[in-house]
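We name chains A, B, ... by the order of the sequence lines, and we start the count at 1 in each one.
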Amino acid sequence: YDDPPGLMEKTDFLLKDWINIYHSASGRDSTKAFSMFVHQMNVHGILKTDDLITRFFRLSTQLCVEVVCRNLAETVTPTVIRAKCYYTLDAFVRLIALLVKHSGDSNNTTTKIHLLNKVLGIVAGCLLQDHETRMTEFQQLPYHRIFIMLFLELCAPEPVLEAINFQVLTAYCHTYHILRPSKAAGFCYAWLELISHRVFIGRMLAVTPQQKGWAMYAQLLIDLFKYLAPFLRNAELAKPVTMLYKGTLRVLLVLLHDFPEFLCDYHYGFCDVIPPNCIQMRNLILSAFPRNMRLPDPFTPNLKVDMLQEISYAPRVLTNFAALITPSQFKKDLDSYLKARAPVTFLSELRSNLQVSNEPGMRYNIPLMNALVMYVGTQAIAYIRSKGLTPNMSTIAHSAHMDIFQNLTVDLDTEGRYLFLNAVANQLRYPNSHTHYFSCTLLYLFAEANTEAIQEQITRVLLERLIVNRPHPWGLLITFIELIKNPTYKFWNHEFVHCAPEIEKLFESVARSCM
Amino acid sequence: LGQDLTALGLNLNSPDNLYPTFGGPWAEHPCRPQDIDFHVPPEYLVN
Amino acid sequence: PLGAVPLQKEHQQQFQMMESAYYHMPHPSDSERTRTYLPRNPIHTPPYYIQQPLPHSDTLEFYQRLATETLFFVFYYMEGTKAQYLAAKALKKQSWRFHTKYMMWFQRHEEPKIINEEYEQGTYIYFDYEKWGQRKKEGFTFEYKYLE
């Protein structure tokens with residue numbers, strides 16, 4: 001860093017001086033003390049250049065982290081240790097908050113946000129470097145406290161802060177994305193606590209108008225799911241993973257309860273990165289439905305799903321899944337097949353576009369599979385509507401769209417078909433046109449299947465989603481009920497339904513709750 | 001079979017939003033009234 | 001049919017870091033403003049108290065029914081909370097004033113005998129942390145939830 005000689009000592013002296021001022025009586029409303037201290041900083045030339053300010057913040061952060069790590073190494077009672085840590089950190093945070101608030105004149109938001117981004121970047125840089133050098137000795141506390149206390153200071157109900165709040169949130173989301181768990185695994189618990197803090201959630205999802213914080217918040221959750229995915233892929237979870245997973249479930253439950261529309265809008269992106277075997281967490285996301293919607297009880301006898309008003313409305317899907325269909329030649333061939341239902345060779349090449357390896361369990365490009373299913377399905381709905389019809393068991397048949405789905409059903413191996421059926425089942429949510437179309441598709445594929453193995457696998461995909469603890473998506477329930485109730489599917493005649501007594505009992509218990 | 005999500009310390013039937021008192025991803029209980037910061041005039045911070 | 005997938009090297013390193021962090025989990029108070037007397041770790045209200053907050057307990061009317069001493073206690077011990085804010089409002093309704101210079105509450109006497117530039121004659125209430133600290137050492141505890 002080749003800091004100018006003496007800068008570290010100067011910084012150490014100033015920081016200690018500020019900490020005393022902050023904790024002295026006059027520190028209460030530190031603005032008075034702050035103006036005296038800024039004068040001090042000027043005298044020491046700290047504020048002379050951008051470079052010196054940057055160095056000052058980096059050195060101060062490192063000094064604070066040093067003090068905290070020394071405190072944490074002491075063997076006194078944890079509350080005393082933490083009080084000593086907060087003593088240093090909270091003063092440093094107040095200094096940053098005051099410098100941000102008072103930099104530039106009151107309505108010059110640019111300088112304030114520029115300084116905030118700088119400081120957040122410096123603290124993040126120190127964290128990543130610390131994470132790399134200290135390895136398993138890395139401590140979350142100092143960085144966790146700096147980020148959250150600074151955020152709380154910048155969310156105080158003051159006009160100058162309210163005016164820059166969205167930029168503050170944006171700066172924080174960028175910083176948290178830089179510090180996502182796959183980049184700083186040793187910070188992952190503090191990170192989840194930071195992004196799920198009640199004030200942060202409130203600001204990102206409730207207070208900020210026009211849902212402007214939703215896309216950034218969705219990105220942070222995707223960062224979390226991407227990190228968890230490899231660990232959750234294996235059924236046995238180690239304790240540290242279970243802790244993070246349960247913490248994630250709590251956060252998702254709060255979102256399901258308070259912001260279901262948020263989960264509805266971003267469900268596609270989330271399910272794209274959640275491992276297929278993470279059934280309950282995926283169900284939790286897929287169970288969300290708009291608060292102003294009343295869901296008819298799926299067990300209502302003779303429920304006419306296609307008579308529901310909402311069934312014709314398309315849900316908001318804020319992921320551009322069409323753009324995820326690559327390479328572009330494949331997308332072109334797909335579009336021309338959908339348009340002309342030719343060339344037939346397109347169907348026989350489908351699998352080769354989706355298969356990426358021969359490694360069992362890793363054979364297919366899951367995001368591409370999901371995007372293909374979503375794209376073909378939504379194109380099918382539009383195509384059926386363009387003919388003045390509505391999707392149902394007969395209008396979805398005999399089309400280029402259904403050719404593709406039937407080809408995937410027949411041509412893929414067990415693993416590939418499982419992923420394909422999952423992509424379809426991931427659209428079984430609350431009453432909307434996607435739920436309806438994909439529910440019909442699943443039932444149609446069951447009815448038209450040319451082998452019992454396919455019917456068994458469709459049943460398995462539905463069943464594994466039903467036997468886990470609640471919640472269960474409405475669309476999943478109505479599809480399964482239709483499958484076991486409607487004699488067209490001859491469900492009960494199939495061998496696999498009676499393959500084991502507990503399976504038979506399970507089907508019967510579901511059947512009983514339907515009748 | 002997943003977890004019993006009603007046993008994670010969140011009152012999922014609450015008519016009010018959960019996030020204002022959310023104790024965090026590891027908390028077994030929501031925040032209590034006295035845990036929630038309230039912006040009092042700075043002179044009240046006598047501690 | 002996906003089965004388990006072995007962790008790649010990168011994930012194993014991440015797991016190591018996560019595991020060491022698992023033994024230094026964040027503490028609830030790490031995310032809260034420093035509150036000397038109101039740490040976040042739950043103090044379980046004994047079963048003989050009502051377990052839920054009383055109805056309307058975060059309204060001014062509720063605080064106006066509390067004894068003056070209780071209001072002072074809430075003000076000084078529940079700093080930075082809505083309870084402190086409402087206790088202050090209730091005290092003002094009882095013609096107490098908060099002296100920002102001395103950080104004390106005071107109540108004017110009817111006929112102020114001595115008035116100098118320092119302060120008015122009246123009843124001054126402040127919190128003697130030292131004395132309280134003294135009592136606290138005798139193992140005296142109190143329930144944050146109910147101050148009656």
Trainee: Quick check on side-chain contact (heavy atoms from CB on, under 4.5 Å): which of Thr6(B), Leu10(B), Leu18(B) does Leu253(A) satisfy it with?
Mentor: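 In the set Thr6(B), Leu10(B), Leu18(B), the residue that makes a side-chain contact (heavy atoms from CB on, under 4.5 Å) with Leu253(A) is Leu10(B).
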
Trainee: Please answer whether the main-chain N or O of Ala27(B) pairs with a side-chain N or O of Arg250(A) as donor and acceptor at a distance below 3.5 Å.
Mentor: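 It does hold such a pair.
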
Trainee: Identify which part of Phe259(A) has an atom lying under 4.5 Å from any heavy atom of chain B, answering side chain, backbone, both or neither.
Mentor: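 The answer is the side chain of Phe259(A).
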
Trainee: Give every donor-acceptor pair under 3.5 Å between a side-chain atom in residues 235-247 of chain A and any protein atom, sequence neighbours left out.
Mentor:
| residue | atom | partner | partner atom | Å |
| --- | --- | --- | --- | --- |
| Thr242(A) | OG1 | Ala238(A) | O | 3.1 |

Trainee: Taking side chain as C-beta onward, heavy atoms only, is Leu5(B) less than 4.5 Å from Gln280(A)?
Mentor: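 Side-chain contact under 4.5 Å: yes.
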
Trainee: Does the His257(A) side chain pair with the main chain of Ser14(B), one donor and one acceptor, at a distance under 3.5 Å?
Mentor: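 Judged by distance alone, yes, a pair lies under 3.5 Å.
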
Trainee: Any non-hydrogen side-chain atom of Pro157(A) less than 4.5 Å from a side-chain atom of His39(B)?
Mentor: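 They are in contact (side-chain heavy atoms under 4.5 Å apart), so the answer is yes.
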
Trainee: Among Val468(A), Asn469(A), Leu284(A), which has the most heavy-atom pairs under 4.5 Å with chain B?
Mentor: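 Greatest number of close heavy-atom pairs with chain B: Asn469(A).
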
Trainee: How about Ile36(B) and Arg198(A): do any of their side-chain heavy atoms sit closer than 4.5 Å?
Mentor: yes

Trainee: Going through the distances and angles, do Leu192(A) and Trp26(B) end up as a side-chain contact (heavy atoms from CB on, under 4.5 Å)?
Mentor: CA-CA 10 Å; Leu192(A) 180 56; Trp26(B) 333 115; 3.7 Å; yes

Trainee: If you define the side chain from C-beta out and look only at heavy atoms, does anything of Tyr19(B) sit under 4.5 Å from Leu205(A)?
Mentor: no

Trainee: Quick check: does any side chain N or O of Glu193(A) sit under 3.5 Å from a backbone N or O of Pro25(B), one acting as donor and the other as acceptor?
Mentor: no

